[in-house]
Amino acid sequence: MKRQLISITALFLLPLALMAQQNPAGGARDYTTSILWQQRSGEYRALAFQAYNFARLSLLEQMKIADTTKKNCVVVDIDETVLDNSPFQGTELKRGISYNAVDWSNWTSKGAADTVPGALGFLKYAASKNVEVFYITNREVTEHNGTLKNLQDHGFPYTDEAHLVLKSSTSDKEPRRQKVIETYNILLLCGDNLSDFSNVFYRENKDTKEEVDRAQQLFGTKYIVLPNPMYGDWEKPFYKGKDLKESDRSKQRMEGLKTY
């Protein structure tokens with residue numbers, strides 16, 4: 001009888017054991033393919049080059065119609081736009097999580113991120129046309145030194161106090177963009193998140209896809225979008241609930257898939 005009970009218990013535990021084997025990182029492992037795609041695929045590099053090739057063409061067109069009473073500039077995000085943080089994401093995944101603020105701070109302090117393909121060449125090209133570069137990022141002020149060093153070590157232009165615009169109080173970049181607009185023509189904006197272009201895309205009660213459709217003529221001409229399969233603002237309205245665990249988010253991702 002005792003042996004029979006053990007066998008029955010083992011049968012009930014077997015599915016749980018299989019689930020643990022399939023998803024040992026408690027949900028974070030869902031991101032494995034996304035991170036590998038950014039690190040290993042030729043398609044990721046091709047899309048990044050494509051984005052910055054369009055940026056060169058669009059820059060010249062925008063210069064033709066720019067207000068001549070102002071100086072010209074482009075505004076770029078940093079993370080997954082000019083710097084590649086996939087090694088950080090890979091390290092987090094192997095720790096069984098998708099993001100930890102202390103780990104992120106340690107990573108940025110190293111100044112070790114590589115460049116996004118095409119980013120350095122485009123920004124140097126812009127600088128050769130006397131177009132300045134503003135790096136508007138939601139990295140914290142405490143991350144200033146590592147960020148500036150990382151950009152300077154790669155030779156990015158206009159990497160100084162005036163052009164590196166970190167987050168001071170709010171993650172909304174619109175006030176910082178408006179400050180730049182006071183004295184510059186923003187010819188192009190480059191980013192991996194729609195929030196890098198305008199806050200209209202994720203305003204309360206807005207349908208993001210509808211807003212994208214309304215702005216479709218701006219993509220590739222004024223807005224240059226870089227691929228980022230690893231994370232983004234799109235996730236914020238997707239997940240429901242507070243203090244979610246990785247397993248909770250993983251479950252919601254599975255439930256949110258379109259099927260037939």
Side-chain angles (χ1 to χ4, degrees), residues 21-58 74 76-100 103-104 107-108 110-125 135 137-139 147 150-151 153-156 188-197 201 208-209 212 216 219-221 223-236 238-239 246 249-250 252-254 256-260:
Q21 290 174 9
Q22 292 168 359
N23 205 353
R29 192 173 177 180
D30 291 359
Y31 295 100
T32 302
T33 302
S34 299
I35 298 169
L36 281 173
W37 184 81
Q38 181 156 322
Q39 293 179 343
R40 305 288 186 175
S41 76
E43 286 81 359
Y44 166 75
R45 295 186 66 81
L47 285 169
F49 284 132
Q50 178 175 268
Y52 282 118
N53 285 340
F54 264 106
R56 289 186 184 227
L57 296 173
S58 297
V74 295
V76 298
D77 173 52
I78 290 181
D79 299 310
E80 293 11 286
T81 300
V82 299
L83 293 181
D84 173 9
N85 298 289
S86 61
F88 163 77
Q89 296 297 151
T91 301
E92 293 293 86
L93 186 149
K94 289 191 174 183
R95 291 173 176 164
I97 56 178
S98 59
Y99 175 81
N100 175 274
D103 292 344
W104 172 254
W107 162 251
T108 57
K110 297 177 184 296
D114 201 353
T115 62
V116 168
L120 182 58
F122 167 67
L123 294 181
K124 285 185 173 181
Y125 175 76
Y135 302 86
T137 173
N138 277 336
R139 289 192 177 195
T147 301
N150 203 164
L151 293 170
D153 284 351
H154 286 301
F156 280 100
L188 294 176
L189 298 103
C190 305
D192 64 299
N193 256 308
L194 292 174
S195 301
D196 296 326
F197 310 115
F201 297 108
T208 302
K209 288 186 176 180
V212 168
Q216 61 182 283
F219 294 105
T221 56
Y223 300 160
I224 305 298
V225 186
L226 278 299
N228 175 7
M230 301 186 299
Y231 62 89
D233 284 346
W234 70 270
E235 293 181 286
K236 294 176 183 177
F238 175 78
Y239 295 122
E246 292 289 349
R249 286 192 285 268
S250 178
Q252 289 191 30
R253 286 193 292 271
M254 182 62 70
L257 290 173
K258 291 183 178 181
T259 58
Y260 68 94

Discussion item. The criterion is side-chain contact (heavy atoms from CB on, under 4.5 Å); which residues satisfy it with T147, sequence neighbours excluded?
Written reply: I78, R139, E143, L151, L164

Worksheet item: With a 4.5 Å limit on heavy-atom distance, are the side chains of L123 and V76 in contact?
Response: yes

Fill in: Sequence-distant partners of D233, salt bridge (Lys or Arg N to Asp or Glu O under 4.0 Å), two or more places apart
K236

Fill in: Closest heavy-atom pair and its distance - Y231, W234
C-NE1, 4.3 Å

Practice prompt. Could you tell me whether the side chain of R253 reaches within less than 4.5 Å of the side chain of Y31, counting heavy atoms only?
Written response: yes

Fill in: Between CD on residue Q89 and CD1 on residue I97, distance to nearest 0.5 Å
9.5 Å

Without placing hydrogens or testing angles, list every side-chain donor-acceptor pair under 3.5 Å for residues 41-53, not counting sequence neighbours.
{"residue": "S41", "atom": "OG", "partner": "W37", "partner atom": "O", "Å": "2.7"}
{"residue": "S41", "atom": "OG", "partner": "W37", "partner atom": "NE1", "Å": "3.4"}
{"residue": "S41", "atom": "OG", "partner": "Y44", "partner atom": "N", "Å": "3.0"}
{"residue": "Y52", "atom": "OH", "partner": "T81", "partner atom": "O", "Å": "2.6"}
{"residue": "N53", "atom": "ND2", "partner": "F49", "partner atom": "O", "Å": "3.3"}

Worksheet item: Does a donor on one side chain sit under 3.5 Å from an acceptor on the other, for D84 and S86?
Response: yes

Discussion item. Please give me the minimum heavy-atom distance between R249 and S98, naming the atom from each residue.
Written reply: NH2-OG, 4.2 Å

Practice prompt. Work out which heavy atom in D196 is nearest to a heavy atom in L189; give both atom names and the distance.
Written response: O-CD2, 3.6 Å

Discussion item. I'd like to check the side chain to side chain donor-acceptor pair (under 3.5 Å) partners of Y223; sequence neighbours left out, ordered by chain and number.
Written reply: none

Worksheet item: Got a second to check how far D30's CG is from E246's CD, nearest 0.5 Å?
Response: 8.5 Å

Discussion item. With no hydrogens and no angle check, just 3.5 Å: does a side-chain donor-acceptor pair link E80 and Q38?
Written reply: yes

Item to complete: Give a yes-or-no answer on whether the side chains of Y239 and E235 include a donor-acceptor pair shorter than 3.5 Å.
Response: yes

Response to the item:
Residues at least two apart in sequence or cross-chain that pass side-chain contact (heavy atoms from CB on, under 4.5 Å) with N150, listed by chain then number, are L83, A113, H154

Worksheet item: What residues form a side chain to side chain donor-acceptor pair (under 3.5 Å) with D153, not counting sequence neighbours?
Response: K149

Discussion item. Which residues pass the ring pair (Phe, Tyr, Trp, His ring centres under 6.0 Å) test with Y135, not counting sequence neighbours?
Written reply: none

Discussion item. Checking S58 now: which residues fulfil side chain to side chain donor-acceptor pair (under 3.5 Å) with it, not counting sequence neighbours?
Written reply: none

Worksheet item: So how far is it from S195 OG to N138 CG, rounded to the nearest 0.5 Å?
Response: 8.5 Å

Discussion item. For P87, is there any backbone N or O sitting under 3.5 Å from a side-chain donor or acceptor partner on T91?
Written reply: yes

Worksheet item: After noting the C-alpha distance and the side-chain angles of N193 and F201, does the key distance pass the side chain to side chain contact (heavy atoms under 4.5 Å, CB included) rule?
Response: CA-CA 10 Å; N193 256 308; F201 297 108; over 6 Å; no

Worksheet entry | Set of residues satisfying side-chain contact (heavy atoms from CB on, under 4.5 Å) with respect to T32, sequence neighbours excluded | R29, L36, L93

Worksheet item: Taking only residues two or more places apart in sequence or in another chain, which ones pass salt bridge (Lys or Arg N to Asp or Glu O under 4.0 Å) with R40?
Response: none

Worksheet, complete the sentence: Closest non-hydrogen atoms of M230 and N85, given as atom of the first, atom of the second and distance, are CE-C, 4.4 Å

Practice prompt. Looking only at non-hydrogen atoms, find the nearest pair between V212 and F219 and report the distance.
Written response: O-CE1, 3.7 Å

Item to complete: List in chain and number order the residues that pass side-chain contact (heavy atoms from CB on, under 4.5 Å) with Y125, two or more places apart in sequence or in another chain; answer none if no residue qualifies.
Response: R56, L59, L60, S128, K129

Worksheet item: Are D103 and R95 within salt-bridge range, i.e. N to O under 4.0 Å?
Response: yes

Worksheet item: So how far is it from D79 CG to F88 CZ, rounded to the nearest 0.5 Å?
Response: 10.0 Å

Response to the item:
Nearest heavy-atom contact between V74 and F122 is CG1-CZ, 4.4 Å

Item to complete: Working to the nearest 0.5 Å, report the span between CD1 of I224 and OG1 of T221.
Response: 7.0 Å

Item to complete: Not counting sequence neighbours, which residues clear salt bridge (Lys or Arg N to Asp or Glu O under 4.0 Å) with D192? List them please.
Response: none

